[in-house]
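Inspection log for the structure reproduced underneath, given as structure tokens.
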Amino acid sequence: MHRSWTYASATDQGPRTHQADATGAHYYRPTGRSAWCVADGIGDDFDPADAAQRSAPIAAHVGTIRGAAAGILAARADLHHFYEGAPRGQSGDCVIVTACEMSDRVGGGFDVAWVGDCRAYVVQNGALVQVTEDHTEGQEMRGWKDPYWATIADGYDHIVTRTVAGDQPVANARVTGSVDLLMLCSDGVSKALDADALTPLLCGFFPGSLRKRARAVAAEARKAGSRDNIAVTLAAPTRRY
């Protein structure tokens with residue numbers, strides 16, 4: 001058995017020349033599973049934007065059939081094929097996060113996979129939980145537990161260590177149990193809004209539709225100083241909206 005989900009996305013190009021963030025969603029009727037995806041092209045150019053636009057719908061579609069990690073691997077295969085033989089500097093790449101609905105027969109929740117610094121959050125029992133961990137040089141430095149590297153780590157958060165077109169492992173996590181709200185977002189949101197800023201936007205009552213809530217997250221990130229592209233997708237059980 002699968003739940004019925006309502007979802008909405010919001011994007012904002014901001015001051016960038018290209019909108020290199022993309023969203024994807026797919027419902028696969030034979031399995032009754034839904035999947036959502038946010039991708040962020042690496043760089044402010046046509047090719048990264050194209051890579052994100054190609055990867056998001058592929059990852060979501062394949063995710064409903066074979067799981068979230070398989071969706072990202074399918075997007076990787078597509079980029080490798082599409083850019084095969086391209087001159088140096090004329091191929092695009094992106095980072096991505098995908099969430100695929102799991103059946104209530106296994107406890108419900110989401111199968112989540114990602115490479116890079118797009119993030120997944122869930123609201124469970126009224127609390128906001130970050131599911132993913134950024135694949136950036138800054139995050140690696142924090143993991144070294146050395147005070148010196150921790151003090152300079154923020155300056156390296158813009159350097160991603162895993163990408164869709166790269167050969168690095170795809171990270172995977174599962175969120176089990178009932179989920180009140182799912183959010184996928186690019187770093188245009190997560191670098192501007194920490195957990196304290198996101199909690200009032202995502203937890204509890206919101207006076208409006210899910211689409212208005214997604215737009216409110218994007219607007220708040222821009223208000224907080226984000227100058228990057230923004231993409232956010234929210235999904236919630238239909239009964240809540």
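Along the sequence shown, the residues carry numbers beginning at 1.
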Stepwise side chain to side chain contact (heavy atoms under 4.5 Å, CB included) check, V129 with V123: CA-CA 6 Å; V129 179; V123 176; over 6 Å; no
Are the side chain of [X] and the backbone N or O of [Y] linked by a donor-acceptor pair below 3.5 Å?
X    : Y    : answer
Q13  : T17  : yes
R33  : E101 : yes
H135 : G116 : yes
N172 : A68  : no
S226 : G188 : yes

Criterion side chain to side chain donor-acceptor pair (under 3.5 Å) on S186 and D21, from CA distance to verdict: CA-CA 7 Å; S186 64; D21 286 3; 2.7 Å; yes
Rounded to the nearest 0.5 Å, what separates atom [atom1] in [X] from atom [atom2] in [Y]?
X    : Y    : atom1 : atom2 : answer
F46  : H18  : CZ    : NE2   : 8.0 Å
D180 : L202 : CG    : CG    : 11.5 Å
L234 : R215 : CG    : CZ    : 12.0 Å
Q168 : R76  : CD    : CZ    : 6.5 Å
L193 : C185 : CG    : SG    : 8.5 Å

From CA spacing to verdict: side chain to side chain contact (heavy atoms under 4.5 Å, CB included), T136, H158: CA-CA 7 Å; T136 66; H158 66 289; over 6 Å; no
Short side-chain donor-acceptor distance under 3.5 Å, T6 and T238: yes
Criterion side chain to side chain contact (heavy atoms under 4.5 Å, CB included) on V95 and I42, from CA distance to verdict: CA-CA 7 Å; V95 295; I42 302 172; 4.1 Å; yes
Identified side-chain hydrogen bond (donor to acceptor under 3.5 Å, both in side chains) partner of D134 from the options Q139, K191, R142, R119: R119
V164 with V62, same ILVMFWY side-chain cluster at under 4.5 Å: no
More than 12 heavy atoms of other groups within 6.0 Å of Y7 OH: no
Crowding at OH, Y83 (>12 non-hydrogen neighbours, <6.0 Å): yes
Ring center gap for W36 and Y27 short of 6.0 angstrom: no
Carboxylate-amine/guanidinium proximity below 4.0 Å for D117 and R162: no
Side-chain touch W114/I96, heavy atoms, less than 4.5 angstrom: no
Cation-pi geometry met for R54 and F82 (6.0 Å, 45°): yes
Intermediate values then yes/no, side chain to side chain contact (heavy atoms under 4.5 Å, CB included), L210 and L181: CA-CA 10 Å; L210 199 63; L181 185 72; 3.8 Å; yes
